[in-house]
Amino acid sequence: MARTYYTLPWVRYTNFARLLVFLDGCASAALWLTGGHDPYLESSVLKWTITGSVFELACIGIIKMLLLFHAFAKLEDFALAMLEDPYVPRIVATKRNLHAFTIALSLASLVYASIKGGLVLNAILNHPEYAPMHITYNVSVISAVAFSLVEFVTAILGPLFLRRLQIIRIKHELTDEDETKEKEEKKKANLGRLFSLAKPEWLLLLVGMLGLIVASASSMAAPLFFGFVVDAATHKSMSAVNSTVLVLFLIFAGGSIASLLRSWAFTLAGYRVVCRIRRDLFAAIIRQEVAFFDINRTGELTNRLSSDTAVLQNAVTVNISMLVRYLFQILGSIIIMFTQSAALTGVLLSVVPIVAIGAVQYGNFVKDIRKNFQDALGSAGTVAEESISSIRTVRSFRGEPKSQASYDKEVALSYKYGKSLAVLTGVFNGLIGIISQGAIALVLWYGGKLVHLNVTTGGTQGISVGILTAFMLYTLNVAMAFAFLASLYGDFMQAVGASIRIFALMDRQPEVSNEGGQHLMEFNGELEFEDVHFKYPSRPENEVLKGVSFDMKPGQVMALVGPSGGGKSTIVNLIERFYEPTSGSVKLDGVSLSELDPMFFRRKISMVSQEPSLFACSIKDNIAYGKDATDEEIEQAARMANAHDFITSFEEGYKTLVGERGVRLSGGQKQRVAIARALIMDPKILLLDEATSALDAESEHLVQEAIDRAMVGRTVLIIAHRLSTVRNASQVLVINHGRIAEKGTHDELVGKGGIYKKLVLRQLSAAGGAINTIPEDLILDDETDEVIELANGLD
Ligand SMILES: Nc1ncnc2c1ncn2[C@@H]1O[C@H](COP(=O)(O)OP(=O)(O)OP(=O)(O)O)[C@@H](O)[C@H]1O
């Protein structure tokens, strides 16, 4: 069963081998077909001789293609089966036989093609009466030898490469669920899906495509007119030259206008596509559950939004246009070339398979390296983001060299991949250059021969100088188009790499949904925990809540106290449904949170956290973050939160910008703006995490006053750090090690003499220390009762 879950990379031995035999089959058939006109083909079949025709090579090529194409696929199937169980004799024997078959067939064809080549060469060199074959037939013999040789080597190396499947499989099996998912996502991220991103821009693309067709047609017609000009100049009158050049100019002008249109339409479509991808991707990120952000780093996500999407920008628009343009250019040029001289075209086409294989290989190498490059760049971005956003911590701990070192490390890694890319691109360009220039030289040589024949036969045979000129220009066109296509392939592969990451994010369904569910007609603010167990998804081995049950009636104030790490904030997180309980349920007005629409209940619940995070906008916009409020409402909320006075003391009042995360405000001011932000929602349930940070007495008094005011008429759950807050609460829950250790009013709990009493004592003896910081093993001394009395008397 496990086998069916394999995902194998596209670039692997079998695919390479199959591509090779496919190209071989096509090339041998094409070279025979392009070798001459009908009678020629006919005679090559009916009057076949080993040195006079390549008809049998075409047949061998096609038969070999059919057999080997299948054999290589089967070979891989058996190799995979052997990875499951290496000792099934039938599988072992069949695989061995198949391997032997691929070697034997490719060797046989190599031997045959070499013998044929030898015989042809011998005939050319030693038998003056021998009538040489058509040039493409000679090329066909060379191509048959070359392909058979490569196929033979490929077949021999089979076991070596098929062993790589083991690595792929092991990787696959070792991965956890996430990585399996990632592989599936990879499969989905194919070029088809990538292109579908451009669908909504079809109109622009259509306009661009029209421009492209006209521009390509003009660039294709141009060489023909070059040839006409040359022929007109050598054989005709000057007026013929003039008119031909004029037509050529008009063709160029039309082509330029069409190019302009093409470029505008495709570039604009690119920008539109990238805008849309960014919007969709941001929407996909922002709707993920909170646990997702516990695992994924901010820098990594923002990097996907910026650089990965930028990679896609051109891939699905401009690059498509290039692709079509070059394909068009190649096809069109070849068709025109055929009409001019089929033999010369055959010579040119003989190099196509080599270029194509080279380009595909290059593209695949580049895909991996570029993906690594992009990843390294992403990590560098993450490091930079973290250091810059925590610059105060970096500064105070003198962490600059450390930050610099980690950033340098990531940048160095990306540079390493950059270096490999540079070498690879250089080598590839060099090789493509040699091959394409070699092809040009070949065409020129053969063309020269035909022109010479034309001159010596007085124009009855061969081709004119003009045709050769046009032909050479087309050859350049085709060579250039191939070179660009090859680099385009690299770009597409890079885009595929980026799209894998983008689609994975876009397809990810949040585990805690953000919308959908019930709305309650009436909401009173009753809150209930029913045997809630909970583990954070990022740390599943640690059960944080171990069966917490309590309920709060509307309007009740409940204080959560307990040692640090006990699970107080976790309880608040579950009420906001940032996370889903592992078991048990959290209910609002008797309905489980999982059945309610988060958009509904989050309007009814407000939260003020210990270190409130404000947005880098004005105070006014921060207060009105959860609601489209009027200026009056904003001011009223600010007054209730004791914030109005300090806000109006600023020069810009409510329009004052607070800076990133509110850095331009003091701790107490931030707290009060956050309280105002919560109050403006008029929530039924208020979740408060009291600030532990030492605010000065005045500021603390103002914040406390604001909180006291905010609590009136609401169900309030407060993580309390001050004794005075706890004393005012109608219920106190002592949370210790994920359980409710004690429950009752302040007086009841003090009377009980348990953890709570220790906490109280600790606070009193520490004179102002936070109530939650008590070590559990604090030993009560003789003065306990005295101190408690003191505590009881505290107002
Ligand atoms: N996002 C998270 N991912 C994994 N574990 C977490 C996460 N948040 C908290 N924890 C763990 O859950 C446990 C309870 O944490 P919680 O923040 O609820 O404690 P607390 O009682 O509020 O503590 P404190 O008074 O110090 O704020 C701790 O062991 C903590 O390490």
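Whatever order the structure lists ligands and atoms in, that order sets their numbers, starting from 1. Every heavy atom of this structure was used, including side-chain atoms; hydrogens, water molecules and symmetry mates were not. Count residues from 1 along the sequence.
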Decide whether an N or O pair under 3.5 Å exists between V544 and ligand 1.
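V544 vs ligand 1: no N/O contact under 3.5 Å.
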Relative to the ring of F550, is the ring of F529 parallel (under 30°), tilted (30 to 60°) or perpendicular (over 60°)?
parallel
contact_flag Y579 ligand 1 heavy-atom lt 4.0 Å
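The answer is yes, since Y579 has a heavy atom less than 4.0 Å from ligand 1.
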Quick check on contacts: which atoms of ligand 1 are under 4.0 angstrom from a heavy atom of T570?
14 (C), 15 (O), 16 (P), 18 (O)
Suppose I only count heavy atoms of S538 and a 4.0 Å limit; which atoms of ligand 1 are within that range?
3 (N), 4 (C)
Heavy-atom proximity to atom 6 (C) of ligand 1, best of F293, Y536, F534
Y536
Heavy atoms only: which of G738, S569, G567 lies closest to atom 17 (O) of ligand 1?
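Of the listed residues, S569 has the closest heavy atom.
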With the side chain counted from C-beta on, respond yes when E289 and Y579 share a heavy-atom pair under 4.5 Å apart, and no when they do not.
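Side-chain contact under 4.5 Å: no.
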Does a side-chain heavy-atom distance below 4.5 Å link L574 with L545?
yes
Check K535 with E541, please: is the shortest side-chain N to carboxylate O separation under 4.0 Å?
no
Taking 4.0 angstrom as the limit, do E635 and K620 come out as a salt bridge?
no
Run H746 and Y756 through ring-ring contact (aromatic ring centres under 6.0 Å, His included) and show every step you take.
CA-CA 9 Å; H746 166 79; Y756 183 74; 5.6 Å; yes
Residue-level breakdown please: for R539 versus ligand 1, do any non-hydrogen atoms fall below 4.0 Å on the side chain, on the backbone, on both, or on neither?
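Looking at R539 and ligand 1, just side chain atoms fall under 4.0 Å.
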